[in-house]
Q: 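Take a look at the following structure, please.
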Amino acid sequence: MLRLTLEDFSPAAIAESGQCFRMRPVHTEEQCWELMAGRRYLRIWQLGDQEFQFSCSEEEWADFFRHYFDLDVDYSAYRAYCLEEDEFLKRCMSYGQGIRILHQDPYEALISFLISQRKSVPAIRTIVERMSEIAGEPIENAYGSFHAFPSAEALAACSIDELRPTGAGYRIGYILDAARQCASGELDLDGIGTLPDKELISVLMKLRGCGIKVASCTALFGFHRLGICPQDVWMNRVLHEKYQDIWPQQYQPVLGVLQQYMFHYARLEMRKTTNNRRIS
DNA sequence: GATCAGGTTTGCA
DNA sequence: TGCAAACCTGAT
């Protein structure tokens, strides 16, 4: 158990920001979240604005989770890219204060975002959870029974019929293809980690079911390429309505981070205004 | 029950 | 090169 004061950290915003699918509120406890990252389990309690308690040891924090939450970086440096006159982005950044771009495992990100196509966040969560139950290693701890994210080898060994109960539908073929390529070494995710952004995206896009959106999400959330901005329908609407279809040049180096604030804001605003599909 | 979902592939002009 | 239809199924 570990207690920390963190200035720019919001489990609620991170869990809802659509970048990961295995972090969720624990409803039986106040201000509490849990997550699986690979085979690691973590529980987080928010005790005050900046006061947190974590279920891991100091060693596991230092070795893994501190980096996982990108806490070695000061996000005010990213927010400083905001143009003085950009009131919209200012509102998004204030709204999403505490968002981090996680250092997720590239393979986990790839599989998760292959599933994400044409699916809502709750549906993706359900599918990932069931996939883990079917092919992931069981994990027992003081908080209950869980399943690790299935390894590429475990997934590759599955048949389409075994994965059908996940509800992933036609995406199952995409998942199996990708898992088999990772397991066989045909696709070396560690190896392509050194490629420049554009080449990384184009290698990922050779996978079946991996178009520009899924490749961009994998690059941003799995490879931490902060200049890459996944353009989905929400971000297209923001880009069109707020930026006349062109991102400000100055934003390019950290557009992925700025995008995350905008996406989070736009998604929750849209939910409120069902009649008027405009973002204010 | 209908409609849509944070897309991609395929087929056809 | 551009566009629409088809794809599976859960969530609302």
Side-chain angles (χ1 to χ4, degrees), chain A residues 13-25 27 92 95-96 99 101-102 104 108-134 158-179 181 187 201-223 225-226 228-243 245 247 255-279:
Chain A
I14 295 167
E16 278 306 310
S17 69
Q19 62 177 302
C20 61
F21 305 103
R22 303 201 75 192
M23 180 171 178
R24 62 187 183 197
H27 293 296
C92 296
Y95 187 85
I99 281 180
I101 305 291
L102 304 179
Q104 296 183 75
E108 248 185 84
L110 172 62
I111 300 293
S112 300
F113 286 102
L114 278 172
I115 292 168
S116 77
Q117 58 175 266
R118 216 159 154 70
K119 281 286 182 190
S120 63
V121 172
I124 302 164
R125 285 203 183 99
T126 307
I127 294 169
V128 171
E129 221 45 51
R130 287 199 290 235
M131 191 179 75
S132 301
E133 282 165 23
I134 291 170
C158 288
S159 66
I160 289 182
D161 280 339
E162 282 174 287
L163 291 179
R164 209 173 293 285
T166 58
Y170 64 90
R171 302 166 191 79
I172 293 170
Y174 303 158
I175 297 166
L176 284 179
D177 270 9
Q181 286 197 34
L187 175 61
I201 296 263
S202 88
V203 169
L204 291 171
M205 282 180 68
K206 287 182 184 146
L207 291 163
R208 272 183 13 112
C210 187
I212 185 66
K213 164 63 167 56
V214 172
S216 299
C217 285
T218 305
L220 174 58
F221 301 123
F223 291 92
R225 299 302 176 90
L226 302 183
I228 289 177
C229 176
Q231 284 295 145
D232 55 40
V233 288
W234 303 92
M235 289 315 294
N236 280 336
R237 195 170 293 128
V238 167
L239 183 60
H240 184 68
E241 292 184 8
K242 299 294 174 186
Y243 297 95
D245 294 316
W247 292 117
L255 195 50
V257 182
L258 303 182
Q259 165 276 150
Q260 199 62 17
Y261 288 111
M262 295 186 207
F263 176 77
H264 184 240
Y265 178 86
R267 186 165 157 259
L268 298 181
E269 273 308 289
M270 292 281 289
R271 200 176 271 171
K272 288 181 202 158
T273 56
T274 46
N275 295 331
N276 180 5
R277 308 202 107 209
R278 285 193 171 278
I279 306 155

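Reminder, nothing fancy here: chain letters follow the sequence lines and each chain counts from 1.
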Q: Mind checking who B/dG11 pairs with, Watson-Crick or G-U wobble, both distances under 3.5 Å?
A: C/dC3

Q: Can you tell me how far P of C/dA11 sits from CZ of A/R267, to the nearest Å?
A: 14 Å

Q: Looking at the side chain of A/D232, which of C/dG10, B/dG6, B/dT10 is the nearest nucleotide?
A: B/dG6

Q: Which part of the nucleic acid does A/S116 contact within heavy-atom distance under 4.0 Å: base, sugar-phosphate only, or nothing?
A: nothing

Q: Rounded to the nearest angstrom, tell me the gap between atom CZ in A/R208 and atom P in C/dC7.
A: 14 Å

Q: Which is true for A/I212 with a 4.0 Å heavy-atom rule: it touches a base, it touches only sugar-phosphate, or it touches nothing?
A: sugar-phosphate

Q: I need the CG-P distance between A/L204 and B/dG7, as an integer number of Å.
A: 18 Å

Q: About how many Å separate CG of A/L102 and CD of A/E108, when rounded to the nearest 0.5 Å?
A: 11.0 Å

Q: Between A/G169 and A/A123, name the one whose nearest nucleotide on DNA chain C is closer to the 5' end.
A: A/G169

Q: Distance-only, no hydrogens or angles: does the A/R171 side chain make a donor-acceptor pair with backbone N or O of A/A168 under 3.5 Å?
A: yes

Q: Rounded to the nearest Å, what distance is computed from the CG atom of residue A/D177 to the P atom of nucleotide B/dT8?
A: 15 Å

Q: When the P atoms of B/dT9 and C/dG10 are considered, how many whole Å apart are they?
A: 23 Å

Q: Identify the nucleotide, in any strand shown, that forms a Watson-Crick or G-U wobble pair with B/dG6, with both distances under 3.5 Å; if there is none, say none.
A: none

Q: Test for a donor-acceptor pair under 3.5 Å between the base of B/dG7 and the side chain of A/Y170, counting only N and O atoms.
A: yes

Q: At under 4.0 Å between heavy atoms, what does A/L207 touch on the DNA or RNA strands: base, sugar-phosphate, or nothing?
A: sugar-phosphate

Q: With DNA chain B as reference, determine whether A/P230 or A/C210 sits nearer its 5' end, using the nearest nucleotide of each.
A: A/P230

Q: Would a distance-only check, ignoring hydrogens and angles, find a side-chain to backbone donor-acceptor pair under 3.5 Å from A/R225 to A/I201?
A: no

Q: Classify A/V121 by what it touches in the nucleic acid, base, sugar-phosphate, or nothing, heavy-atom distance under 4.0 Å.
A: base

Q: If only side-chain N and O atoms count, and only distance matters, is there a donor-acceptor pair under 3.5 Å linking A/S159 with A/E162?
A: yes

Q: With distance as the sole criterion, do the side chain of A/R171 and the base of C/dC7 form a donor-acceptor contact below 3.5 Å?
A: no

Q: Could you check whether A/S17 gets within reach of a base, just the sugar-phosphate, or nothing at all, counting any heavy atom under 4.0 Å?
A: base

Q: Rounding to an integer number of Å, can you tell me how far A/R118 CZ sits from C/dA11 P?
A: 16 Å

Q: Quote, to the nearest angstrom, the P distance that separates C/dC8 from B/dG1.
A: 24 Å

Q: Roughly how many Å is it from CD in A/Q117 to P in C/dC8, rounded to a whole number?
A: 11 Å

Q: Just to be sure I understand the rule, does A/F113 reach a base, reach only the sugar-phosphate, or reach nothing, if contact means heavy atoms closer than 4.0 Å?
A: nothing

Q: Using 30° and 60° as the class limits, which term best fits the ring planes of A/Y95 and A/Y265: parallel, tilted or perpendicular?
A: perpendicular

Q: May I ask you to verify whether the side chain of A/K119 and the base of C/dT9 hold a donor-acceptor pair under 3.5 Å?
A: yes

Q: Write down the distance separating the P atoms in B/dC4 and C/dA5, rounded off to the nearest Å.
A: 14 Å

Q: Rounded to the nearest Å, what distance is computed from the CD1 atom of residue A/I175 to the C1' atom of nucleotide B/dT9?
A: 16 Å

Q: Does the side chain of A/W247 come under 3.5 Å of the side chain of A/Q231 through a donor N or O and an acceptor N or O?
A: yes

Q: Classify A/G18 by what it touches in the nucleic acid, base, sugar-phosphate, or nothing, heavy-atom distance under 4.0 Å.
A: base

Q: Could you check how far CZ of A/R164 sits from P of C/dT9, rounded to whole Å?
A: 7 Å

